[in-house]
Amino acid sequence: MTITKRPDRPKPYLARVRTPSGERSKAFRRRQDAVAWERAQQGEITQGKWIDPQLGRMHLTEYVADHWAPLAMKQVRTRTWELNHGVLRNYVLPRFGDWPIAKITATSVKEMIADDIAAGLSSSAVRRHVIVLRQILDAAVDDGRLGQNPAKRVKLPPETSRDMRVLTPEQISSLADAIGDHYRPLVLTAAYGGLRWGELSGLAIESIDLLRKKVTVERQLQETSSGKLFFGPPKTKAGTRTVTLPSTLVDVLGLHFASNAVQTSRLAFPTVTGKPMRATNFRRVWRKACASAGLDADPATAGLVFHELRHTAAALAIQQGAHPMAIKERLGHSSITTTLDRYGHLFPSLDEAIADGLDDVFKGAAKSSSTDLSAPRGSTPSTVSHIDAPTFLMGANRA
């Protein structure tokens, strides 16, 4: 490291430092500024944090095309990539495409958010714009082009979602009857099995063991924006799972599997003509059935979507006293946090069940010691009723 004085220059102090990519220099008006810069550069080099400024001068469009996109396409599902690519093409690159990646700051990301909101975009759309940009800049950090990701420090707008809606068993039956004999087993399996749309539409009949009442979920049917159908893995690694079905539903499936459409396609839930189901085509059948079942006439269920049958399956399991971990496994969530975040509000009685169980323990301790634990010292013990141990254990299991 050296500092050279050049009296004939506006910035006479030239600091030089040897970096991993060669010598770098910068001019300053004051010597103390040159010394401070030199020490900062050397500190970053010593700690392995030094970033070559030249690498950060690559424009975002070039970095995405040459470095980020080829790898990102292989790391996410096709449909996810199409969504991200649409965000890139329509929002991120038109705004930042000509910017050197090192020039993108937290302030510029906040300005993008403000402009998106002013344009009337939904919170979920704005969040996705920032998330895609974050992913790109994260990769640039990993590549040694940026020291940190400025988009990570930006607070996203709150995620908004409509209230979760679930059907009663009676409403499920009405909907299943309204949709017709062919799609009735599909609706019942969604409502009582909790499988996702893609898992149901991609389910092979060989994946269902009617004798053991088991469904093995190991693939899903996906559709690209261009209309191409293909089989892919479940949404997450945890999505590969085995689900046990109610016996009554198994009886319904046994009759359904004898149909020509199922036997020809080898799919558990094909179209009436034995073709793979497309969500866009099925939506017309679904909307007609919801209207016929009276769901659209009720403000609480108007506009019901197919995915809400999955919420219904979770709610029914909770009503039966299922443990959150069991629901996590059944639905194929990647973590218990996802399950509790999504369905935790459906467990209102768990705290009461815990209190009831502890009350039984409290009384049991009093009986075994022949002491009324609620009475003041020196008072006469009161009579404690007999504890029904199985009842207490059932309450504990529910919790």
Side-chain angles (χ1 to χ4, degrees), residues 51 55-56 58-162 164 196-198 220 222-225 232-239 305 307 310 331-342:
I51 302 295
L55 298 178
M58 177 179 282
H59 288 187
L60 186 68
T61 298
E62 184 182 357
Y63 180 73
V64 166
D66 295 348
H67 299 275
W68 182 75
L71 183 60
M73 290 177 64
K74 301 176 182 178
Q75 294 177 329
V76 298
R77 296 181 301 153
T78 300
R79 184 57 181 158
T80 302
W81 167 250
E82 288 184 340
L83 289 173
N84 290 347
H85 187 260
V87 169
L88 271 174
R89 182 180 62 250
N90 298 320
Y91 297 97
V92 176
L93 293 183
R95 187 179 191 96
F96 292 120
D98 293 336
W99 289 40
I101 56 177
K103 292 294 184 180
I104 300 174
T105 64
T107 299
S108 59
V109 177
K110 291 177 183 177
E111 290 172 350
M112 179 184 74
I113 292 175
D115 289 346
D116 284 349
I117 293 174
L121 299 182
S122 66
S123 293
S124 59
V126 177
R127 289 172 63 90
R128 180 169 285 276
H129 298 175
V130 180
I131 289 171
V132 171
L133 180 60
R134 279 181 179 176
Q135 292 173 356
I136 298 170
L137 298 181
D138 269 341
V141 171
D142 292 341
D143 288 346
R145 296 176 182 275
L146 294 178
Q148 58 184 354
N149 183 346
K152 274 193 171 180
R153 303 195 303 271
V154 175
K155 184 178 179 181
L156 297 177
E159 190 168 10
T160 57
S161 60
R162 65 184 179 187
M164 183 181 296
R196 301 176 177 91
W197 165 263
Q220 64 173 337
Q222 295 178 261
E223 183 175 358
T224 67
S225 58
K235 184 177 180 180
T236 65
K237 185 177 180 180
V305 297
H307 191 75
R310 178 169 162 85
L331 296 182
H333 287 157
S334 56
S335 71
I336 189 65
T337 302
T338 301
T339 307
L340 293 177
D341 284 349
R342 198 158 297 172

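For the single chain, residues carry numbers from 1 onward in sequence order.
The two residues Gly147 and Val141 come nearest to each other via the heavy atoms O-CG1, 4.3 Å. Residues Pro233 and Gln222 come closest through the heavy atom pair O-OE1, 4.5 Å. Of all non-hydrogen atoms in Ala102 and Leu146, the two that sit nearest each other are CA-CD2, 3.6 Å. A pairwise comparison of heavy atoms in Pro150 and Thr105 identifies CB-C, 3.8 Å as the closest pair. In terms of heavy atoms, Ser108 sits closest to Phe96 at O-CZ, 3.6 Å. The shortest non-hydrogen separation linking Ser123 to Pro158 is CB-O, 3.3 Å.
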Q: Begin with the C-alpha distance, continue with both residues' side-chain angles, and end with the deciding distance and a verdict on side chain to side chain contact (heavy atoms under 4.5 Å, CB included) for Leu88 and Ile136.
A: CA-CA 10 Å; Leu88 271 174; Ile136 298 170; 3.4 Å; yes

Q: Please step through side chain to side chain contact (heavy atoms under 4.5 Å, CB included) for the pair Leu121 and Tyr91, ending with a clear verdict.
A: CA-CA 11 Å; Leu121 299 182; Tyr91 297 97; 3.8 Å; yes

(Q) If you apply the rule side chain to side chain contact (heavy atoms under 4.5 Å, CB included), what do you find for Ile131 with Asn84, and how did you get there? (A) CA-CA 9 Å; Ile131 289 171; Asn84 290 347; over 6 Å; no

**Q.** Stepwise side chain to side chain contact (heavy atoms under 4.5 Å, CB included) check, Asp143 with Tyr63
**A.** CA-CA 11 Å; Asp143 288 346; Tyr63 180 73; 2.5 Å; yes

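With hydrogens and angles disregarded, a donor-acceptor distance shorter than 3.5 Å links the side chain of Arg134 to the backbone of Ala151. Side-chain N or O atoms of Arg127 include none that pairs as donor or acceptor with a backbone N or O of Leu156 at under 3.5 Å. The backbone N or O of Gly232 sits nowhere less than 3.5 Å from a side-chain atom of Gln220 that would complete a donor-acceptor pair.
The distance from atom CD1 of Ile104 to atom CG of Asn149, rounded to the nearest 0.5 Å, is 9.5 Å. To the nearest 0.5 Å, the span separating CD on Glu223 from CH2 on Trp197 amounts to 9.5 Å. The distance from the CG atom of Asn90 to the NE2 atom of His85 is 9.5 Å, given to the nearest 0.5 Å. In this structure, OG1 in Thr61 is found 4.5 Å from CG in Leu93, a value given to the nearest 0.5 Å.
Inter-residue side-chain proximity for Leu83 and Val87 is flagged as unmet; no heavy-atom pair is nearer than 4.5 Å. Inter-residue side-chain proximity for Gln148 and Arg153 is flagged as met; some heavy-atom pair is nearer than 4.5 Å. Counting heavy atoms from C-beta on, the side chains of His129 and Asp116 come closer than 4.5 Å. Between Glu111 and Arg95, the closest side-chain pair of non-hydrogen atoms falls below 4.5 Å. Side-chain contact between Leu331 and Thr338: absent, with no pair of heavy atoms (C-beta onward) separated by less than 4.5 Å. Residues Glu62 and His67 are not in side-chain contact: their nearest non-hydrogen atoms beyond the backbone lie 4.5 Å or more apart. Annotation: side chain of Trp68 is in contact with side chain of Gln135 (closest heavy-atom distance under 4.5 Å).
For the salt bridge (Lys or Arg N to Asp or Glu O under 4.0 Å) test, residues two or more places apart in sequence or in another chain that qualify with Lys152 are Asp138. Under the rule for a side-chain contact (heavy atoms from CB on, under 4.5 Å), the partners of Ile117 that lie at least two apart in sequence or sit in another chain are Ile113, Val126. Shown here are the side chain to side chain donor-acceptor pair (under 3.5 Å) partners of Glu82, two or more places apart in sequence or in another chain: Arg79, Ser225.
Counted within 6.0 Å of CG on Asp98, heavy atoms from surrounding residues, nucleotides or ligands total 12 or fewer; the atom is thus considered open.
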